[in-house]
**Q** 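Before I ask anything, here is the structure I am working with.
Letters A, B, ... are given to chains in the order of the sequence lines, protein chains preceding strands, and every chain is numbered from 1.
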Amino acid sequence: MGYVGTAIRRTRDERLLTGRGHYIADLMLPGQVYAAFVRSPHGHARVRGVDVAPALKVPGVIAVYGGHDVKASPLPLLFPFPTLEPVTQIPLGSEVCHVGEPVAMVIATDRYAAEDGVARVVVDYEPMPAVTDMRRALAPDAPRVHRDKPSNQAARIVQAVGDAAAALKDAPVVVECQLFMGRVSCLPIETRGLVAEWRYEAGEERLMVYAATQTPHMMRRLYAELFGLGEHQIAVKAPDVGGAFGAKEPFYVEDYLVAWAARALQRPVAWIEDRTEHLLSAVHEREQYHEAKMGLTRDGQILAVVDSFLANTGAYVPWGVIVPIITSTLIPGPYKVPHYACEGTVAYTNTVPLAPYRGAGRPQAALVINRLLDIAAQKLHLDPAAIRYRNLIPPEEFPYATGLKSREGTPMVLDSGNYPELLTRLLEDGHYHEWRAMQQRAEAGRTTLGIGLAVGIENTAMGPHEGATVTIAPDGGVIVATGAASQGQGHETTLAQIAADVLGVALDTVRVEEGDTRVIGYGTGTFASRTAVVAGNAVQLASEAVKRKVLTLAAHLLEADVDDLECQGGRVFVKGVPSRAMTFGELAMQASGPYPGSTFTLPVSPGLSETAFFVPSGATYAAGAHMAVVRVDRETGAVRLVHYAAVHDSGNVLNPVIVDGQLLGGIVAGLGTALWEDLRYDADGQLLTGTLMDYLIPTAAEVPEITLGHCYTPSPLNPLGLKGVGESGAIPAPAAVLAAIEDALGADTPLLDAIPVTAQAIRAASVAARASDKVT
Amino acid sequence: MNDIKGEERVSYTLTVNGTDYALSNLEPRWLLSDVLRDILRLTGTHVGCEHGVCGACTVLMDGRPTRSCLMLAVQAEGHAIETVESLAHDGQLSPLQEAFWNEHALQCGFCTPGMLMTAEYLLRRGSAFSRPEIRQHLSGNLCRCTGYQNIVNAIERAMRATAAEGPETCGD
């Protein structure tokens with residue numbers, strides 16, 4: 001049939017276009033009441049007491065809970081690591097470690113009354129010293145982020161390939177850079193939220209949670225642990241989810257508390273995060289500081305890279321320290337780095353915890369290596385494209401063993417790729433040489449053109465597994481059930497394309513059920529650019545198993561040989577004799593068994609339904625090459641994005657429309673990281689950017705037109721040859737933009753030392769360049 | 001601290017998508033967005049920031065794009081409110097909705113109602129806007145999924161479609 005690989009518009013958009021989506025805030029269960037949280041105004045404080053009495057007098061307030069009522073233990077650690085000293089959050093604990101941490105919970109008939117109640121709760125805080133700067137946090141005399149911990153160090157991460165120190169010492173050319181990478185918010189336009197309801201069924205408690213989450217099965221497991229229940233007593237369903245980007249991946253204290261309150265009150269409790277709460281409590285990401293050196297030959301070949309970095313994890317580790325681990329393994333990226341050493345220190349601070357946001361540590365890695373290459377290119381008078389060609393891993397060396405260990409401790413091997421081709425396509429599609437010529441022709445003036453290149457890779461399709469149950473129903477329709485949940489990625493279309501092709505049915509007869517623990521027993525979730533690959537291949541395997549069953553059954557009923565049968569249009573027929581046929585519906589009806597009490601005599605197990613899991617043996621590596629063209633005003637520091645081109649290798653592609661959509665969104669997220677998005681704390685732990693008027697994400701007006709190109713090196717690690725794509729666009733973008741700005745400023749201007757690149761920083765650099773001009 | 005009375009109640013009529021809704025016994029402080037969503041159950045209008053920046057809650061009031069999270073519902077009495085639910089007729093998507101679908105101008109769909117209402121306003125102005133102009137007009141609607149490019153494509157496509165039909169043809 002050939003749906004896979006075809007540009008098909010999404011199958012279920014009509015609902016979302018007509019206002020008939022079903023998002024978490026649209027739910028209104030009978031008897032539902034609403035939660036709001038009292039949140040700490042202090043960066044660090046002991047909670048001496050919570051007086052709920054005044055709040056209980058507020059009209060509409062039903063209940064108010066402080067830590068003494070809830071008596072909860074710390075949240076489970078989600079991603080252990082050998083050197084990690086984990087501190088996880090305690091729901092309504094007696095020590096608050098960042099502004100925004102919940103201290104009390106108010107339940108009321110509506111959100112207005114709940115917020116009235118919040119305003120009336122009196123909390124007795126004993127403020128304690130706070131520290132928000134990760135560099136300061138690691139000083140011996142720094143205030144302690146957690147009162148009882150001897151140090152603010154959360155973890156040490158060390159990577160080594162060869163002997164980088166020695167290779168650097170012997171290198172004829174050494175360049176270095178320092179770079180601070182600012183803190184950003186995932187910022188889905190729909191905030192977090194959940195509705196929890198408890199019931200008694202068959203003498204047992206049952207918890208039903210509707211949640212805007214990326215990981216329904218993980219939520220179920222954690223609820224089971226935290227409430228001491230069996231998983232069979234709990235169901236979690238993600239309705240339509242309005243974007244996530246990492247924010248809806250961890251399990252938060254609010255997730256526990258809302259369910260706890262619903263149990264205490266025996267009525268459905270809803271909580272919808274507001275935007276300020278989102279900025280004050282949903283995970284942040286990116287913040288790292290790197291000092292890196294690169295040793296090269298005189299013709300620009302990398303000999304060694306040494307990187308030392310600090311990573312901020314905020315007050316807790318909601319997803320372990322996976323972000324800096326990823327950074328440490330991906331700095332060499334698409335380049336051959338024979339000797340590599342990296343040491344990262346992860347610091348606790350009195351700020352919102354950091355955990356994966358689209359890109360998850362990889363944009364930072366791409367910045368380090370691409371920036372070192374650009375500095376080296378300048379020093380060696382090489383074109384930035386030329387130095388990249390000199391160092392990209394050649395296609396004939398795949399699978400390429402990096403010498404590094406993956407997060408599981410297994411060898412990190414890049415499965416497939418053709419990075420020089422990627423760069424060549426980029427230079428052609430982006431008209432790189434024309435832009436360079438235009439730059440050279442331009443007369444000196446206040447505004448200058450700059451061109452930046454970056455190549456980055458992404459380890460996609462993380463495990464441990466994803467499953468799919470494919471069922472042919474007696475009405476002939478196909479149902480695909482999977483544990484992955486969608487937040488707008490279009491699984492309902494792409495996963496259906498796979499099943500439709502295997503089974504030979506029309507796309508509109510396939511229905512994808514996902515994001516619901518009741519549709520499949522086990523699941524992992526949607527994050528780490530994994531669903532197309534991991535769930536997609538599970539759908540492939542399960543569909544193939546169902547097809548085998550269909551053919552076995554049809555061969556029996558049609559008295560034909562399996563090899564003589566063909567599936568098409570939802571029918572099985574004998575090749576060349578289309579009238580000897582059965583529909584899928586007829587076969588499903590037969591397979592469901594004759595009347596109760598009769599004997600099942602068919603040569604297949606009952607039901608045309610099969611479950612299969614895909615267990616990736618390792619990550620598959622997607623890659624992207626980006627070119628940014630900017631115009632920089634040296635006087636005002638203003639940056640205008642003039643042109644942007646990207647070429648990506650996502651392996652085989654299920655649906656080009658959806659892949660391009662993912663890339664465009666990812667690239668623009670990366671532009672935000674590079675230029676505007678900047679969560680700032682003051683020294684006491686106050687978030688200075690708590691609204692969308694001071695935390696700026698890209699709007700349509702700043703974003704340039706983007707041209708996209710593709711290369712295709714299928715992954716050998718999965719039957720469909722897919723690679724993940726959800727985060728790929730975000731990874732090289734900050735590096736390309738920073739390079740373009742520095743290219744515009746020219747070699748005589750001091751290097752910028754931070755992203756997002758602000759107008760102030762550009763102007764300061766220009767002024768410094770002029771001053772040094774006068775001196776020399 | 002403000003005194004919380006919570007006793008005052010008001011009654012008023014809202015005109016939404018051509019229908020008059022008589023509302024009674026409501027607190028005057030309720031936002032238009034909340035009344036549309038929680039009282040009238042027109043949940044197509046989304047709330048993304050409650051401080052007038054993200055644009056997800058955009059509706060048309062007397063034909064102009066308006067943040068429904070930045071005004072009280074009681075202030076909307078006597079004005080014609082249009083929400084995303086009004087765009088399709090008899091199960092037929094409007095040219096704008098069709099264009100959003102065909103151009104893959106939505107992913108999670110959460111910003112989409114606000115985007116559509118802002119774009120609907122542009123379409124009704126009847127002139128052809130350039131891509132930079134469309135981008136300027138969309139700058140009050142945030143999207144975190146699409147990178148905007150396909151939204152601009154969709155609006156251009158819808159402008160062509162309506163220009164081809166409508167009396168105010170500007171040519172292509």
Side-chain angles (χ1 to χ4, degrees), chain A residues 9-10 13-23 25-26 28 58-60 110-113 116 119-120 187-191 240-245 272 274-276 487-490 657-658 660-669 691-693 697-703 705-706 729, chain B residues 1-2 4-7 27 29-30 34 37-38 41-54 56 83-85 87-88 93 97-98 100-104 106-113 116 131-132 134-152:
Chain A
R9 71 174 188 175
R10 303 198 306 180
D13 281 3
E14 188 171 4
R15 214 163 46 81
L16 303 179
L17 284 162
T18 51
R20 289 181 290 126
H22 209 206
Y23 298 87
D26 303 341
M28 205 176 261
V58 171
D110 59 64
R111 176 70 183 236
Y112 289 81
D116 290 343
R120 283 287 191 266
L187 214 99
I189 306 302
E190 181 205 47
T191 54
D240 289 325
V241 177
F245 315 111
I272 307 300
D274 72 21
R275 184 55 63 187
T276 298
Q487 306 91 41
Q489 294 89 342
V657 173
I658 285 176
D660 283 0
Q662 288 291 316
L663 289 172
L664 289 169
I667 289 166
V668 171
T691 74
L692 295 182
M693 280 174 284
I697 71 165
T699 80
E702 296 88 47
V703 170
E705 301 291 339
I706 297 166
Chain B
M1 203 181 284
N2 295 331
I4 297 165
K5 288 205 178 95
E7 288 142 23
E27 288 183 81
R29 63 177 174 172
W30 274 58
D34 289 336
R37 292 178 43 79
D38 293 351
R41 296 301 282 152
L42 293 167
T43 55
T45 299
H46 295 158
V47 176
C49 75
E50 293 179 290
H51 53 264
V53 182
C54 81
T83 70
V84 67
E85 284 91 348
L87 294 180
L93 296 186
Q97 289 168 313
E98 276 290 347
F100 265 62
W101 194 353
N102 287 322
E103 293 290 340
H104 188 35
L106 66 155
Q107 290 182 26
C108 79
F110 199 80
C111 76
T112 308
L116 286 170
R131 288 179 73 88
I134 293 171
R135 286 178 176 276
Q136 283 297 332
H137 279 284
L138 288 183
S139 66
N141 291 75
L142 300 181
C143 171
R144 197 61 156 167
C145 292
T146 64
Y148 303 104
Q149 192 151 308
N150 288 346
I151 296 176
V152 179

**Q** Measure up the B:H46 and A:Y23 rings against each other and bin them: parallel (under 30°), tilted (30 to 60°), perpendicular (over 60°).
**A** perpendicular

**Q** Which one, A:D110, A:T191, A:L663, leads in non-hydrogen pairs under 4.5 Å with chain B?
**A** A:D110

**Q** Top residue by heavy-atom pair count (under 4.5 Å) with chain B, among A:G666, A:P188, A:P698?
**A** A:P698

**Q** Output all residues satisfying salt bridge (charged side-chain N to carboxylate O under 4.0 Å, His left out) with A:D274, sequence neighbours left out; order by chain, then residue number.
**A** A:R111

**Q** Got a second to check how far A:I706's CD1 is from B:Q149's CD, nearest 0.5 Å?
**A** 5.5 Å

**Q** Do B:Q97 and A:E14 come close enough that some side-chain heavy atom pair is under 4.5 Å?
**A** no

**Q** Which one, A:A113, A:G661, A:G490, leads in non-hydrogen pairs under 4.5 Å with chain B?
**A** A:G661

**Q** Please identify, among A:L16, A:T276, A:D13, A:V241, the residue contributing the most non-hydrogen atom pairs under 4.5 Å to chain B.
**A** A:D13

**Q** Given a strict heavy-atom distance threshold of 4.5 Å, which part of B:E50 is in contact with chain A: side chain, backbone, both, or neither?
**A** side chain

**Q** Do A:L692 and B:C54 make a side-chain contact, defined as non-hydrogen atoms from C-beta onward lying under 4.5 Å apart?
**A** yes

**Q** Do the side chain of B:R37 and the main chain of A:A25 share a donor and acceptor less than 3.5 angstrom apart?
**A** yes

**Q** How long is the span from the SG atom in B:C111 to the CD atom in A:E190, to the nearest 0.5 Å?
**A** 12.0 Å

**Q** Looking at residues at least two apart in the chain, or sitting in another chain, which of them share a side-chain hydrogen bond (donor to acceptor under 3.5 Å, both in side chains) with B:D38?
**A** none

**Q** Less than 4.5 Å to any heavy atom of chain A: does that hold for the side chain of B:T112, its backbone, both, or neither?
**A** side chain

**Q** Considering only heavy atoms, which portion of B:L142 lies under 4.5 Å from any heavy atom of chain A: side chain, backbone, both, or neither?
**A** both

**Q** Which region of B:Y148, side chain (C-beta onward) or backbone (N, CA, C, O), has a non-hydrogen atom less than 4.5 Å from a non-hydrogen atom of chain A, or is it both or neither?
**A** side chain

**Q** Most heavy-atom pairs under 4.5 angstrom with chain B, which of A:G19, A:G488, A:A700?
**A** A:A700

**Q** For the candidates A:L664, A:I189, A:V668, A:T691, which exhibits the highest count of non-hydrogen atom pairs separated by less than 4.5 Å from chain B?
**A** A:I189

**Q** Taking atom CD of A:E702 and atom CZ of B:R135, what is their separation to the nearest 0.5 Å?
**A** 10.0 Å

